[in-house]
Amino acid sequence: MKRVLGLLGFGLAQMLSNWGEVIRVEPGGIVSVIGSVTNRQGGGWYHSGALYITDTIDNQAGNEMFIPTLPNGTPITPGKVQLWGGYQWITGTDPIHFDTLELRGSSSKNLARSAYVRHWLDLEDRMLNTHSETLYHRSSSTHSITRVSGFIRSGLGGALERTCIGGERYLFPLGDSLPVVRYRPVYITPNADGRYAGRLAAIDATIEGYDRSQLDSSLCLINPHYFHHLSGPQGGFLELSFDPAQDGDYDAAAHWRGAQWDSIGGALSSSGGLSWMNQPVGSFTPTPFALAVRQPRVRIIPEGPHELCPGDSVQLSIANPDPAWNYTWSHGPQDVSVWITQGGIYTVTVSNAAGCIGVSNAVEVRILPPPSAEIVPVSPQSICPGDSIRLVASSGEGYQWFYEGLPLLGATDSVLVVREPGRYWVQVVQRCGTAESEPFVLELHPTPSAYFLMNPSDSAIVGTSVSFRDSSQGGVSLQWFINGAPITSSSFWTFTFLQEGTFVITLVAQNEFGCQDTFTRVIHIYQPQVEPPPPPEPEEPEIPRGIFIPTAFTPNGDGQNDIFLIVTPPLEWSRLRIYSRWGLLVRETTDQPPRWDGKDSGGSLVPEDSYTFVFEARLLNGQYIQRTGTVTVLR
């Protein structure tokens, strides 16, 4: 049967061990032990007063040591434990559950066994070293941990764990004394209720397996002095502290994501003698977080490329310059903006105090040539009459062409097609002014005159050999055609026509400049017919033989002279064929009266030109007639 030892006033001892008994300290009661306190063999404390200890507090009883309720379930008024000695330990086989724990005295306080604080933790100016153990702080009050200059230090595996309410801001007073004293607290404002833990690892993160050289491209440096392990069920808002004088300057936070440190951004602020990097985090998994330096980024504006006329300049500037960074332009200046008058590629190199270097975008500046105008091809040039040549001006923004000193109406493009001989030039409007070209001289080559003799001259019987002799002037090469098909290039040749029909003979003569002329003749090849003498008949009336063939017509739809109409006596049948100057068949019709509307066989109007016609017909009396010649199409 356990006995309860009660204390209403003040007790003093050099060592206190209950040896399985229950000690009850009433509110206002004080127990001062200049030595150690041990809870043994199933004993316990109903502690509502104050317990002052200068040495170790040890729990070997298999319980919480400081029991929160009486056996009948009545809550115990919380008491406090004050460690006011030198180098002290909280130890035992079982965790001690303190109501309130106050650190006083000198030197550090240490955990050899994890411990709990139900209500209040006062660090004052002491370091609480949890080593590889965890201090569990179970009060959800944001003010339940107080300090003057004290902090909690944890080794690998150790931590401070707090019970938090989502949306409230909680201090984790973390620090270390080696290699130098550093108080580097963290504030966590969690997104959800739960238990969140923190530890300051005052070593290079690489030593614990979080390689600082593995970082994303937006970062150039991870804090080499320390980092934090932070954990919790949800993300939240995180505030990491640093001392620029002792730790260096940082402008970002980083989170180890399993293979590398990734930037999570951050906004800089200052309070309480420290600088803070503040940023939301989506998750506290994995646990490592560190301060970082961003890879210096620099951008030149405006980006360009820029084109300058001779003597002009452009101002290039650094977008959003950071006064803590150093900038050097590729051509030497170290200002945030420069005036550029020379062509080239310009960049800026940026560096920061951490030794990180970045290079800007490249901006090209081009110096435009002074105004100039040229015509291609070079002058002079010669063409055949009727041909044309394209004159192309230098590139520009506007054009005006001139002919023989006068501006050409509507000639405002970069290209001008010309046929007439004479002097041409162009004015070109360019970025840097207006320029006028040298004159371009166009000349005409002489033209050959095509002509040939044909024997017989207009008709022949099937099987007759017909000769053709060139009589052209100025031609150096010839090409003959029959009905558009090439035949020979000789100056004299013969041909035997073996079938009836009307054939268009065309000669194309070309001189040494490539200029050509065309001459066309038509020959009718027929089979003589032997007709029996007609029986005697009464004398027939005379058949009118008048035929009228116009030499030109104007198929322009104005109702006047729109049809090439051959006027003849009444006909039994007729055929009218139209050939181009090259001997190609354009149209064939058997309409009566014989007529042509100026269209080709596809129904399209033919261009203005001279065309050869071959007209064949049989009169009502059986007489065969043929006429050939040329007709001119005008508009």
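- Between H524 and Y624, the distance separating the two ring centers is shorter than 6.0 angstrom.
- Applying the 6.0 Å contact sphere to CD of E374 captures no more than 12 heavy atoms from other residues, nucleotides or ligands.
- Here the CD1-CG distance, from I340 to L316, works out to 5.0 Å after rounding to the nearest 0.5 Å.
- No side-chain donor-acceptor contact under 3.5 Å links R294 to the backbone of L221.
- Looking at every heavy atom in both residues, F615 comes nearest to S574 through CE1-CB, 3.9 Å.
- In this structure, a donor-acceptor pair under 3.5 Å is present between the side chains of S269 and N278.
- No side-chain heavy atom of T496 sits under 4.5 Å from any side-chain heavy atom of V466.
- Expressed to the nearest 0.5 Å, how far CD1 of I482 lies from CZ of F468 amounts to 5.5 Å.
- Applying the 6.0 Å contact sphere to CD of Q342 captures no more than 12 heavy atoms from other residues, nucleotides or ligands.
- To the nearest 0.5 Å, atom CD of residue E512 and atom NE2 of residue H445 are 9.0 Å apart.
- Around CD of E572, the count of heavy atoms belonging to other residues, nucleotides or ligands within 6.0 Å exceeds 12.
- Heavy atoms only, all atoms of each residue included: P302 and V363 are closest at O-CG1, 4.1 Å.
- In plain terms, the two heavy atoms of W329 and S317 that are nearest each other are CH2-N, 4.2 Å.
- Within the structure, the disulfide (SG to SG under 2.5 Å) test picks out the following pairs touching residues 353-395 (sequence neighbours left out): C220-C356, C384-C515.
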Exercise. Show your reasoning for whether side-chain hydrogen bond (donor to acceptor under 3.5 Å, both in side chains) applies to R469 and Y451.
Key: CA-CA 9 Å; R469 182 182 300 277; Y451 188 78; over 6 Å; no
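- Side-chain atoms of Q479 come within 3.5 Å of backbone N or O of T488 as a donor-acceptor pair.
- The neighbour count for D558 CG, taken as heavy atoms of other residues, nucleotides or ligands under 6.0 Å away, is above 12.
- Counting heavy atoms from C-beta outward, Q626 and V614 have side chains that approach closer than 4.5 Å.
- Taken from CD in Q430 to CD in E397, the straight-line distance is 8.5 Å, to the nearest 0.5 Å.
- Q279 places a side-chain N or O within donor-acceptor distance of the main-chain N or O of M277, the cut-off being under 3.5 Å.
- Side-chain N or O atoms of Y327 include none that pairs as donor or acceptor with a backbone N or O of V298 at under 3.5 Å.
- A salt bridge does not link R627 with E616: none of the charged nitrogens is closer than 4.0 Å to a carboxylate oxygen.
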Residues 593-601 side chain polar contacts: donor-acceptor under 3.5 Å, at least two apart:
residue	atom	partner	partner atom	Å
R595	NH1	Q592	O	3.2
R595	NH1	P593	O	2.8
W596	NE1	K599	O	2.8
D597	OD1	R587	NH1	3.0
D597	OD1	K599	N	3.1
D600	OD1	G602	N	2.9
D600	OD1	G603	N	3.0
D600	OD1	S604	N	2.9

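- What you find for P448 and D517 is that their closest heavy atoms are O-CB, 3.1 Å.
- Taking the six-membered ring where the residue is Trp, the centroids of F497 and F503 are separated by under 6.0 Å.
- For the residue pair A450 and F519, the shortest heavy atom distance occurs at O-CB, 3.4 Å.
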For residues 405-429, dump all side-chain donor-acceptor pairs below 3.5 Å to protein atoms at least two apart in sequence or in another chain.
residue	atom	partner	partner atom	Å
Y424	OH	E420	O	2.7
Q427	NE2	E436	OE1	3.2

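- In this structure, E307 CD and E364 CD are separated by 8.5 Å, a value rounded to the nearest 0.5 Å.
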Quiz item: Please walk me through it: do L507 and L478 pass side chain to side chain contact (heavy atoms under 4.5 Å, CB included)?
Solution: CA-CA 7 Å; L507 171 63; L478 306 173; 4.0 Å; yes
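- Judged by distance alone, the side chain of T464 and the main-chain N or O of I461 form a donor-acceptor pair under 3.5 Å.
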Exercise. List the steps, then state whether side-chain hydrogen bond (donor to acceptor under 3.5 Å, both in side chains) holds for Q510 with Q516.
Key: CA-CA 4 Å; Q510 180 173 295; Q516 296 179 342; 2.7 Å; yes
Quiz item: What do the steps show when you test Y579 against Y611 for ring-ring contact (aromatic ring centres under 6.0 Å, His included), and what is the final call?
Solution: CA-CA 6 Å; Y579 295 89; Y611 294 83; over 10 Å; no
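- Pairs passing the disulfide (SG to SG under 2.5 Å) check and including a residue from residues 408-447, sequence neighbours excluded, read C309-C432.
- Using a 4.5 Å cut-off on side-chain heavy atoms (C-beta onward), V392 and P377 make no contact.
- Side chain of N511 to main chain of G474: no donor-acceptor pair is present (N/O by atom type, distance under 3.5 Å, no hydrogens or angles).
- Checking R577 against T502 by side-chain atom types alone, a donor-acceptor pair falls below 3.5 Å.
- Within 6.0 Å of the CD atom in E438, the count of heavy atoms belonging to other residues, nucleotides or ligands does not exceed 12.
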Quiz item: Please walk me through it: do Y526 and S459 pass side chain to side chain contact (heavy atoms under 4.5 Å, CB included)?
Solution: CA-CA 8 Å; Y526 62 94; S459 64; 4.1 Å; yes
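- A donor-acceptor pair is defined here as one N or O able to donate and one able to accept, closer than 3.5 Å; such a pair exists between the side chain of S330 and the backbone of T347.
- Scored by the side chain to side chain contact (heavy atoms under 4.5 Å, CB included) test, D216 finds S218, L219, Q260, D262, S263 as partners (sequence neighbours excluded).
- Between F481 and V508 there is a side-chain heavy-atom pair separated by less than 4.5 Å.
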Exercise. Begin with the C-alpha distance, continue with both residues' side-chain angles, and end with the deciding distance and a verdict on side chain to side chain contact (heavy atoms under 4.5 Å, CB included) for V350 and N326.
Key: CA-CA 5 Å; V350 58; N326 299 315; over 6 Å; no
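- For the residue pair S337 and D335, no side-chain donor N or O sits within less than 3.5 Å of a side-chain acceptor on the partner.
- Aromatic ring orientation, F452 versus W480: perpendicular (interplanar angle above 60°, classes split at 30° and 60°).
- A donor-acceptor pair is defined here as one N or O able to donate and one able to accept, closer than 3.5 Å; no such pair exists between the side chain of H255 and the backbone of A290.
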Practice problem: Dump the intermediate steps for side chain to side chain contact (heavy atoms under 4.5 Å, CB included) on I383 and L442, then the final yes or no. | Solution: CA-CA 8 Å; I383 61 173; L442 180 62; 4.1 Å; yes
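- What you find for Q214 and W256 is that their closest heavy atoms are O-CZ3, 4.2 Å.
- A distance-only check finds no donor-acceptor pair linking the side chain of T568 to the backbone of I547 [under 3.5 Å].
- The side chain to side chain contact (heavy atoms under 4.5 Å, CB included) check on T206 picks up D204, D211, R212, with sequence neighbours excluded.
- Between the side chain of S360 and the main chain of V348, a donor-acceptor pair closer than 3.5 Å is present.
- Summarising the geometry, atom CZ belonging to F613 is positioned 9.5 Å from atom OG1 belonging to T551; distances are rounded to the nearest 0.5 Å.
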